[in-house]
Amino acid sequence: MEEAGSALDPTPLEGFKDFYQYASTTRVIVGRGLLESTGFEFHKEGARRVLLVTDQVIRGTGLVEKVEAGITGGGLELAGIFDEVPQDSSTSVCDRCAEAARESGADSFLALGGGSVMDTAKVADAVFAHGGTAREQEGFFLMPRDDDGMGRPLDIAPLACIPTTAGTGSEVSMAAVIKEPEERIKLEIADFPLFPRLAILDPETTRTLPAAVAAATGMDAMTHAVEGYVSQDWSPHQDARSLHALRMIRDNLERAVQAGEGEEEARGNMLIGANLAITLALGSVHAMSHPVGAHFGVPHGVANAIHLPHVIRFNAAGGATIAERYRDIGELFDLETGGPGVEAAEALATHITGLVERLGLPTRLSQAGVPESGIPALVEGAMGDGTTLLNPREVGEEDYAELYRRAL
Amino acid sequence: LAYFKDADEVYAYIGRLFEELAVDDELAPKFKKANTIVQYQYREPESQITVKLVEGEDGQVDCGATTLEPEVVMTMDADTAHRFWLGKVNVTVALTRGQIKTKGPVAKILKLVPLVRPVFPRYRGILEEAGRKDLLEAA
């Protein structure tokens, strides 16, 4: 943990790092027609009696019945279905989900849905396994461990995820974000046991996804990849994932949203792209988007799409090594990336705004219902978000206020 | 070997730093924006400092026993705290590695991290004034 100079000085985005860690422990299976194998595959991860966690929208698509058949067809029991997860899940929903698991005698969780459903299942599983409430799970690397809290983290019940959006990447991450309505904050929870044991990526699950949701979640994935590549918590491991995720998003996002020829392939590839993009090494785009979601209900992917170009410009002005990272990304998109780094970053920011417009998403916070009077509360939220510390350029209150004004 | 020989040394240097910050005309109002009570629980040596940072109220620093009820608890080795105030600990790395553990609404504290830069020389000054070159060099 020795660093040269002040520990608040930005970490160089090149060279050999003083420290980083990388883990990806989820078994991922990818392909067509995999839903019928759900039970067969989840059995290998220790599941016997499964609580299926989903939402009302997914209920209406016919996917629940297919997965249910897949569970029982593989010799597992369906303990129950918890379908009360809202678009933006909360601590109370997680507590109810954990209680449903206890009452039904479940020994495992299967999440079928988007980020809200998967994060609900993760937090509910932690409450189910270790007790307490969802509110008490907040924190990074704070789950119970043996040897007086210094040893191996204690397992939670087997968890499998079947994402129905291509964006959050929660199916292979050790993090969950859940709203705490009373405090108007989003709780961030992360630790190794939250890695699902199994993720099933099947384009069948995104077949009925509305275009606007496909666009917003796709931009969420793109933001993960971009922020992961420039974060202070960057790593060569994540670089490889981020850059290939960006190639897949470049080639598939618009096709997946527009539907038409090759659509199934594009949707399948977007599931993989989102899966590769996910990382905890994020930055100020996420720091800004979390309070926008908590205060004004703006969908996470929409908020990220709006903030991303502004943060790129701000960060690129903070130093050549940051701007050079954006140049790398611009090259992937065949942009004109000659000249100074800030110009390459400007080209990338402009390209992203154009992409967001083509996808039919709002490009301004005011279009998404955020008033100027909300900025002070948003600034406070962003300053207190853990991802602020991972942004490649130091960000202060005035910086965030200006960024929100530009995005308005 | 731990940098501090006992809890009194922790209070004499880190505790004093908090006490000075709590009445500093420039820094105290900024830190009080956290609007919370933080307890730092240190290991090796076992010690505890509780700091009240509430807007519009006087700051309060309790070294050892306290009647304050903390909203946020941060646990770490006293060595880590010492090195943090010298500007030698990357908070995100320390959180990732479990060298600093937090409980409670951590967001209230995270937003203070960028504000601590001007505090580093002050801590160094406290140690120099006390003639603790050994602590300055040990880290």
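So that the names make sense, note that chain A is the first sequence line, chain B the second, and so on, each numbered from 1.
Under a cut-off of 6.0 angstrom, the local environment of CG in B:D58 is sparse, with at most 12 non-hydrogen atoms contributed by other residues, nucleotides or ligands. Atom CD of A:E398 is surrounded by 12 or fewer heavy atoms from other residues, nucleotides or ligands within 6.0 Å. Around atom CD of A:E402, more than 12 heavy atoms belonging to other residues, nucleotides or ligands sit under 6.0 Å away. Counting heavy atoms of neighbouring residues, nucleotides and ligands inside a 6.0 Å radius, atom CD of A:E380 does not exceed 12 of them. Other residues, nucleotides and ligands contribute only 12 or fewer heavy atoms inside 6.0 Å of the CD atom of B:E26.
At a 4.5 Å heavy-atom cutoff, the contact between B:T92 and chain A is made by side-chain atoms alone.
Among residues 134-145 of chain A, the residues having any heavy atom closer than 4.5 Å to a heavy atom of chain B are, in sequence order, A:R135, A:E136, A:E138, A:F141, A:L142, A:R145. Contacts with chain B (heavy atom to heavy atom, under 4.5 Å) involve no residue of residues 187-195 of chain A.
Applying the salt bridge (Lys or Arg N to Asp or Glu O under 4.0 Å) rule to B:K103 yields no partners; only residues at least two apart in sequence or on another chain are considered. Residues satisfying the ring pair (Phe, Tyr, Trp, His ring centres under 6.0 Å) test with A:Y229, not counting sequence neighbours, are none.
B:K33 is listed as a side-chain neighbour of A:E397, based on a closest heavy-atom distance under 4.5 Å.
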